[in-house]
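Worksheet: the structure to be examined is printed underneath.
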Amino acid sequence: EGVAATQDPDTGRWWQVMDRPNDPGNWLETSCTAMHTYFLSKASQKGYIDAATYAPLAIKGFYGEMQMVSNPSDPQIRDICPGTGVLGSPAEYYARPPQTNDNHGLGAFLLMYDQLTCR
């Protein structure tokens with residue numbers, strides 16, 4: 001329920017700091033979107049969570065995630081937070097510069113993409 005409640009209704013993505021969507025500087029982050037989308041899809045498929053409620057959120061997350069992929073001949077995945085340890089404040093997370101093709105986001109993207117397109 002918490003993951004569902006924090007999904008951005010306009011884009012289908014999730015925020016860098018999920019429970020603070022209205023904070024200045026917070027941004028929609030690609031790797032967490034991929035991870036949450038994968039989770040919602042896989043758990044719905046396995047029957048761990050209600051598919052009628054949560055599978056549509058996975059689809060919305062997938063389409064939101066795909067909006068961050070550009071250049072079909074050489075895909076570039078934007079707005080990935082680089083690897084981050086535990087930081088002391090939300091502002092420190094917001095200050096992390098969004099990256100393109102950071103490995104943390106690429107792995108999450110591949111898992112999500114496989115889950116939602118290869119079934």
Heavy atoms only: give me the nearest Gly2-Thr6 pair and the separation to one decimal. O-OG1, 3.0 Å

Over 12 non-hydrogen atoms of neighbours within 6.0 angstrom of OH in Tyr94: yes

Result block: side-chain N/O donor-acceptor pairs under 3.5 angstrom for residues 96-112, not counting sequence neighbours:
residue : atom : partner : partner atom : Å
Arg96   : NE   : Thr84   : OG1          : 3.1
Arg96   : NH2  : Pro82   : O            : 3.4
Arg96   : NH2  : Gly83   : O            : 2.8
Gln99   : NE2  : Pro97   : O            : 3.2
Asn101  : OD1  : Ile77   : N            : 2.8
Asn101  : ND2  : Gln76   : OE1          : 3.0
Asp102  : OD2  : His104  : N            : 3.0
Asp102  : OD2  : His104  : ND1          : 2.7
His104  : ND1  : Gly83   : N            : 3.3

Contacts of type salt bridge (Lys or Arg N to Asp or Glu O under 4.0 Å), residue Asp23, not counting sequence neighbours: Arg20

Any residue meeting side chain to side chain contact (heavy atoms under 4.5 Å, CB included) with Asp8, in chain and number order, not counting sequence neighbours: Asp10, Thr11, Trp15, Leu28

Taken to the nearest 0.5 Å, the spacing of Met18 CE from Cys32 SG works out to 6.5 Å

Following the transitive rule for hydrophobic clusters with a side-chain heavy-atom cut-off under 4.5 Å over Ile, Leu, Val, Met, Phe, Trp and Tyr, establish whether Met68 and Tyr63 coincide in one cluster. no

Residues that Glu29 engages under side-chain hydrogen bond (donor to acceptor under 3.5 Å, both in side chains), provided they are two or more places apart: Ser31

Check: Gln7 side chain, Leu57 main-chain N or O, donor-acceptor pair, under 3.5 Å: yes

Using atom types as modelled and distance alone, determine if a side-chain donor or acceptor of Arg13 lies under 3.5 Å from a backbone N or O of Gly64. yes

Under the ring pair (Phe, Tyr, Trp, His ring centres under 6.0 Å) rule, what pairs show up with a residue in residues 22-50, not counting sequence neighbours? Trp14-His36

Chi angles and distances behind the side chain to side chain contact (heavy atoms under 4.5 Å, CB included) call for Thr117, Phe62: CA-CA 10 Å; Thr117 63; Phe62 178 81; 3.7 Å; yes

Tell me the salt bridge (charged side-chain N to carboxylate O under 4.0 Å, His left out) pairs involving residues 79-95, sequence neighbours left out? none

Is the side chain of Ser44 donor-acceptor paired with the backbone N or O of Leu40 at a distance under 3.5 Å, no angle test? yes

OG1 on Thr30 to CE on Met66, rounded to 0.5 Å: 11.5 Å

